[in-house]
Structure formats: C-alpha cells, structure tokens
> 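Take a look at the following structure, please.
Just so it is clear, the model here is predicted, and its values are computed rather than measured. No hydrogens, no waters, no symmetry mates; every other heavy atom, side chains included, goes into these values.
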Amino acid sequence: MRVWIERTAEWARSAGRRLEPLGRRLGPLGRRLGPVGRWLLRVGRRLAWEYPRPGRVGWRRWMPSWRQWLGGAAYLIIALVATTGIAFAMTDIPKNLNTFATQQVNVYYWADGTEMARTGPVDRQAVPLGQIPKPVQWDILAAENETFYSDDGVSPRGMMRAVYEMIKGGDTQGGSTITQQYVKNVYLNQQQTVTRKLTEAFIAIKLDSKLSKDQILDGYLNTSWFGRGTYGIERAARAYYGVDVSQLNVSQGAFLASLLKGAGMYDPAISPDNQQRAVTRWKWILDRMVVIHQLTPAQRAQYTTFPEPIQPRLQGGLTGQTGYLVDLATQYVTAHSSVDPRLFDLGGYQIYTTFQKRRVTALAASVKAASKGLDPAKRPADKDVSFGAATVAADGRILAVYGGPDYVKQGFDDANTATVPVGTAFTPLVYAAGLTDGVQLQPGGSRTPVSGTSVYDGDNKMPVQTPEGPYWNKDGQLVKINNDGGRSFGKVTLHQAVVDSINGPMAQLGMDVGLTQLRGTVEKFGLLPASMGEPVPVFPLGNSTPSAIRMADAYGAFPGEGRHVEPYSVSRLLFSGHDVGVDRPQPVQVMTADVAHEVDSALTESVASGAAQGARLPGVEVAGKAGTMLDATSGWFIGYTGQSVTAVTMFHADPNNGLMLPLTGVMGAPAAQPTSTVPTRIFARYTRATASLG
C-alpha cells in the first residue's frame, strides 16, 4: 500500500508539471488544463507530505485517510478525462475517403491457376437526399437511429454497450448512431476495436458540428452497403425492386432498412431463414414508425403483406456452370475466412478454387447428352425434370459440379439443393455404421458386433423388427419392407445385400443399429442435420435429402481409408496479391480403415457383378451404388474411381410448390425401369471422359 501511494503521489506531481506546458500548446482546451495541472501538483505534494500519516501508530500509520482515498480517485478520473480530451483534440476529420471509393474486381481461378471468372464492379450511384421519399428516410431512421435529428452524433449508452461487448468478445455491431456509421463507412474500416470505436466517436462529434444533419443523412444513404453488391439506396432500390429510389413506398423502404443490419442475414433470396428474419424485422420497423409518430396506426394497418423483392440480377460472364462455381467459392470465402462480405463486394480479391475445368466441362456434356431424351412437348412426364451432380475428392476438394442447364437461366444450384431424397444410395452409410457401431438386439442389452458375413433375411415384405418385437406404424399396420421388383433372396450376408441392393436387410440393419445411433454416425460423414429424414423404418433406405455435393463427399471416406474431410472449394485467397487466411478442413477418422475397405469391396463388387453393373467400364475399376425411392421420386448414382467420387441425381419437382413428383415414364421409360438408370448412364459417360484425370 505504501509503495502504491508513493507512486501515485509521484505520478500526480509529474502530471501536474507536464500539463501546464502542454496546456499552453492546446489553446482553449489547454487553458482549462493549466489549473488542473496546478491542482494535481498540490494534491501530489499533500499526499506525499501526509504519508505515512503523522500521529498514527501501527497499521493505522500506513492506512490512507478517506480524504486521500477520495483525492486519489478524483485525480484518476480527472486524468482520464484529460487524456480523452487530448485524444479528441488531436483527432481530425480525415481528408480522404476509404477504399470503397477505389473498388476493384474479384478474380476467380481454376485449380490449374488459369482465370475462370471476374465479378464486379461494385454497383454505386449517389442521389440527392431530396429524391429519397421522406417516409423511406424515416424507415432508415426508425431502424437505425430515431434520435438522429436531436443527438450530437454519438450515443454514449450505445458506445458503452459496444465497448463492453468488445471487451468480453461478444457482438460488436451495435452502439453506433447514423453519424458514426457514416464515419465508419467513408473514413475508417469495418474492424471492431476499442481504438477504432473511439476514433469513430471523436470524428462523428466533429462532423456533427461541421455538417448539417441532412448532409450527413445524404452521405449515409448514398454510401451504405445494402447487399447484392450495391452501395447506396438508389442502387439498392434497383437491385431489390427494379425501380428508382423516388418510387419506393414506406413498406419497401422498411425492408431496405432491415438490410442495413446485415444483408447476408436479411436478403430473402439467400435462404428461407433469411426470409423469416426479413419479415420479422420489416414488421418491427413499421411498428417503430408508429411509435415515433411517422405513421398513424391506420396507415400502418395498410401494410400487411411483405413486399417481396425481385430475384438478384445475374452478372455477365457467369453463364453455363461458371456462375454456380463462383457462388460456391464466394459462399466458402464468407463462411471460412475473416473477410467481411462488404469488403469482399468491394473487390480486389483473387480466389483460387479447387474446380477442374476439364471435369466441369465433361460433367455438363454428360448431363446434356443424357437429357436429349427429354421431350416435354410430347410427354408431360418430361416437364421440369432436373439434374444435379458433383465430383468431390476424398480429401474434400470439390472438383466439379453440374448445377443446372445455365446459371443465367436458372440461378439455384441443383448440385447443392437439399430437397431430393437420396434413396437407397444411403445404404452404404448404413452398412458402415453397422460395422462400426454394432447392433442392439435386446432391450437394454449390450451391442453386438456385425460383419460382412453376418446373415439377414433377404425375402420380400419381411416385417421390420425392433428389440421389443415387430414394428407397427401409427395406423396399426405391421411395417414390411419391399425389395426392388418384389424379389426374394432368402438368407443373405450383409455384404451381398449391398452388392445386390437388397432393401430388407439394410432396413433391418438400420433398426438394429438404432435409428438415433445411426443418424449420429452418418452425420459424421458430413451430412447436415437439417437434411436428415424422419426416424422411421425407411430412414435407412434414404428418406433424407442431402445434396449431391454432400453425398459425394460422404462416400469419399470409403476410398479415403475411413477419413472424412468437409467439402471445400477455395484453396487460396489473396487480396491485391497478399495472402488472406482461409480455413482448410482437416480429416477426421469416422471409421476404421478395415470398415472402409469392406464397404469399398462391396461397392466394387456391385459394379462388377451386382446391381450397379450399368456403371461398369472396361479396364477401369469402379465402385458405386444406385439409389431409388419406393415412390420413384428420385434417381441417384454415386460412384468413384481412385480418389474422386461423383454423385448424380435426377428428380422432378412441382414448380408451384417444390414437392417431388414421381419420375415414372420420364423419357418414355417403362414403369419397371429403375429411376437410377439415367443417373447411372451420366456417371458412366462422365467417368469414361475423365478416367485419365484420376
């Protein structure tokens, strides 16, 4: 304690001596600091003179008096205020705008380093504040800063909250007035640090005294990021509603205001979750307009339907499959690096992808050749038939995708859709789970190992069993599993059930593993929880809806010695030639190498002499599995040569509601023909074309 008091007293004396000359250099502020400095000097002398305390004995001699405690606290506060004042006085409004005014393009490269595509420039156009309808201006103010016209450019409470969140490592987006956001947009950067936050506040206070409120609002509305590559509300109006900003109504303005909180979370075109968030915030903003007396309750009641924005306009140069590849790479960058989407939209990045041009070209050609059999004018069954495909290496690299006929004509990616049931192409994962986890045949009993030689009943319509007995559905019916074509096989090994694609043993194996246990195991192969089907007896037969990318990636663990790697599409990221960190997924051992070898053996035999012979190629060792649904709503083939896995899917979605329709009769095929036939042909043609690539 004595040492602390002595050091404090010395600091006070030193501060007092230094503040007086500094005050003379700082002008009016210095004239106030001069007396403060002299007072600190007197306090320091008194503290030093009265400590240790005279007339006291024992520990009381070393215990500071309440006056000393109070004085110490007082000059610490004064010192903090003085330091802040000095920092404020030394912070000037920057003369130059930040890099948003010098935007560049982003360049995407193929895996071999050749250029694939360029995106940009940033879409910016300033308009006078007078062209922006007043209700739309107030939408923005209601959402971001309703006290804009009465505050001094900063929100002390918001600042304290933001700094607190920074210190504890939480969300650092809040706490700024519109003036502060404008300062951040045009003078500073998007980094979230205490120093930048204080600089932002100091500049905002000075800017608020230099410019009118309308000038600040004008600048803010013309420089803010609204997503879809747009800066400024004029281009946002064009991007989301196809109109000039002067034609926006208060409801549309409320939606655009929601984008300022983060377009990546509120643009409905990105995801259903975004749609829900956008509607919720749109309602909240209109309600706030009533609270701040910019709408009457009667006016607010007129807006009950969310003003759906138009679909994003696609940039030139993204035709064919290129747009799908650019989308995948962009999504990976924003999800697996520290790059802010706003900064990414400003350009200047070089994105080196994992996509191989020869594979992409060959995959598109194979789908095109197969789809020539479609004749929707003559056969209604051929209408709205879609294909999706992806090739993923065992180490997680996405090598190729087929997302649709043309990105400019169809912006959504059928290789990455999670709406198509995978069918019996799911069963190799069930087999791997059974070999890994074993089965539980008695209630509460221990788990028993199974192997490829374990025997199951392969007859058609065999009742499904649980540890408690037969499985009855909600209608009181005994659940039985149909084999393809109604064929019975008698007693078969699990290995043979995979080779010949026998449904009954695979469904029963899944029940024996336990549906909850099975789900947990297959998710380790990279299947997303949201794509998992209902845990019922047909779950092992593929009522889940993983994308072609995810299924190809999951199969990669079989040739990959039991290791799974999350799929990725960007190998390197640079900004203006300098490396930027981008995450690279690491392999995870999800099953033993012996289990992987056994599944691989069954899939190889299935192509050589079993149910998947349609994928057999002379002189090429192929492993794979066809996938069908009992209701014929999808067809799949997933196979591999070497370390490259390709998944191909065909489906027929109702354009009105997105529901899967049966593929019966597509391309004039007889009803008995498996829906996996066409995907198998696509796989075989593509594999022949790329066999030399490994």
Side-chain angles (χ1 to χ4, degrees), residues 268-276 308 310-312 314 320-321 323-324 327-328 363-364 366-368 370-390 401-426 527-528 530-534 538 541-552 626-638 647-669 671 673-683:
I270 295 177
S271 72
D273 288 342
N274 277 23
Q275 172 82 19
Q276 184 176 351
E308 288 287 348
I310 62 177
Q311 286 298 307
L314 303 175
Q321 299 304 305
Y324 304 117
D327 271 359
L328 284 171
L363 189 55
S366 299
V367 175
K368 184 177 180 180
S371 61
K372 286 181 178 178
L374 294 171
D375 191 350
K378 294 182 179 179
R379 285 187 297 268
D382 289 359
K383 292 181 179 179
D384 304 310
V385 173
S386 299
F387 298 90
V401 299
Y402 176 85
D406 191 320
Y407 181 76
V408 173
K409 298 177 181 178
Q410 176 192 297
F412 53 90
D413 185 354
D414 286 332
N416 204 26
T417 185
T419 59
V420 184
V422 67
T424 51
F426 191 75
L527 303 194
L528 302 178
S531 70
M532 290 292 98
E534 185 180 1
V538 294
L541 299 181
N543 64 357
S544 298
T545 58
S547 67
I549 292 174
R550 286 285 169 177
M551 282 305 297
T628 59
M629 290 289 292
L630 294 176
D631 59 4
T633 52
S634 67
W636 287 74
F637 191 86
I638 308 174
V648 182
T649 180
M650 180 175 73
F651 59 94
H652 184 185
D654 188 322
N656 297 315
N657 53 30
L659 296 178
M660 294 295 117
L661 301 176
L663 291 167
T664 306
V666 169
M667 298 187 187
Q673 179 176 296
T675 56
S676 60
T677 301
V678 175
T680 303
R681 290 174 186 163
I682 293 172
F683 172 86

> Quick one: CZ on Phe426 to CG on Leu527, what's the gap to the nearest 0.5 Å?
6.0 Å

> Output the distance between atom CE (Met532) and atom CG (Asn543), rounded to the nearest 0.5 Å.
9.0 Å

> Is the shortest heavy-atom distance from the side chain of Pro421 to the side chain of Met660 under 4.5 Å?
yes

> Should the pair Tyr324 and Tyr407 be assigned to parallel (<30°), tilted (30 to 60°) or perpendicular (>60°) ring geometry?
perpendicular

> Between Ser271 and Asp273, do the side chains contain an N or O donor and an N or O acceptor separated by less than 3.5 Å?
no

> Look at atom CD of Gln276 and say whether more than 12 heavy atoms of other residues, nucleotides or ligands are closer to it than 6.0 Å.
no

> Roughly how far, to the nearest 0.5 Å, is the OG atom of Ser547 from the CG atom of Leu528?
7.0 Å

> Between Tyr402 and Val648, is there a side-chain heavy-atom distance shorter than 4.5 Å?
no

> Holding to ring-ring contact (aromatic ring centres under 6.0 Å, His included), I want the full list of residues that pass it with Phe387, two or more places apart in sequence or in another chain.
none

> Minimum heavy-atom separation for Gly404 and Gln321, please, with both atom names.
O-NE2, 2.7 Å

> Between Val422 and Trp636, is there a side-chain heavy-atom distance shorter than 4.5 Å?
yes

> Look up atom CZ in Phe683 and atom CG in Leu363, then write down how far apart they are to the nearest 0.5 Å.
11.0 Å

> Give me the atom names and distance for the closest heavy-atom approach of Ser676 to Gly627.
CB-O, 3.7 Å

> Quick check against the 3.5 Å criterion: does Thr545 have a side-chain atom that pairs as donor or acceptor with the backbone of Ala418?
yes

> If you look at every heavy atom in Ala548 and Ala647, which pair is closest and at what distance?
O-CB, 3.5 Å

> Are Thr424 and Thr628 packed together at the side-chain level, in the sense that at least one heavy-atom pair is separated by less than 4.5 angstrom?
yes

> For Val401 versus Ala415, what's the shortest heavy-atom pair and its separation?
CB-CB, 4.0 Å

> Please, which pairs that meet side-chain hydrogen bond (donor to acceptor under 3.5 Å, both in side chains) have at least one residue in residues 372-382, sequence neighbours excluded?
Arg379-Asp382

> What's the shortest heavy-atom distance between Gly403 and Asp413, and which atoms?
CA-OD1, 3.0 Å

> By ring-ring contact (aromatic ring centres under 6.0 Å, His included), which residues pair with Phe651, not counting sequence neighbours?
none

> Got Leu328 and Ile549 here, is their nearest side-chain heavy-atom distance under 4.5 Å?
yes

> Just verifying a value: how many Å separate Gln673 CD and Leu663 CG, rounded to the nearest 0.5 Å?
11.0 Å

> So which of Val678, Thr677, Val367, Ile682 actually passes side-chain contact (heavy atoms from CB on, under 4.5 Å) with Met650?
Val678

> Just verifying a value: how many Å separate Asp414 CG and Thr419 OG1, rounded to the nearest 0.5 Å?
8.0 Å

> Provide the closest heavy-atom pair for Ala381 versus Val666 in the form atom of the first, atom of the second, distance.
O-CG2, 3.4 Å

> Does the side chain of Asp384 come within less than 4.5 Å of His652's, by heavy atoms?
yes

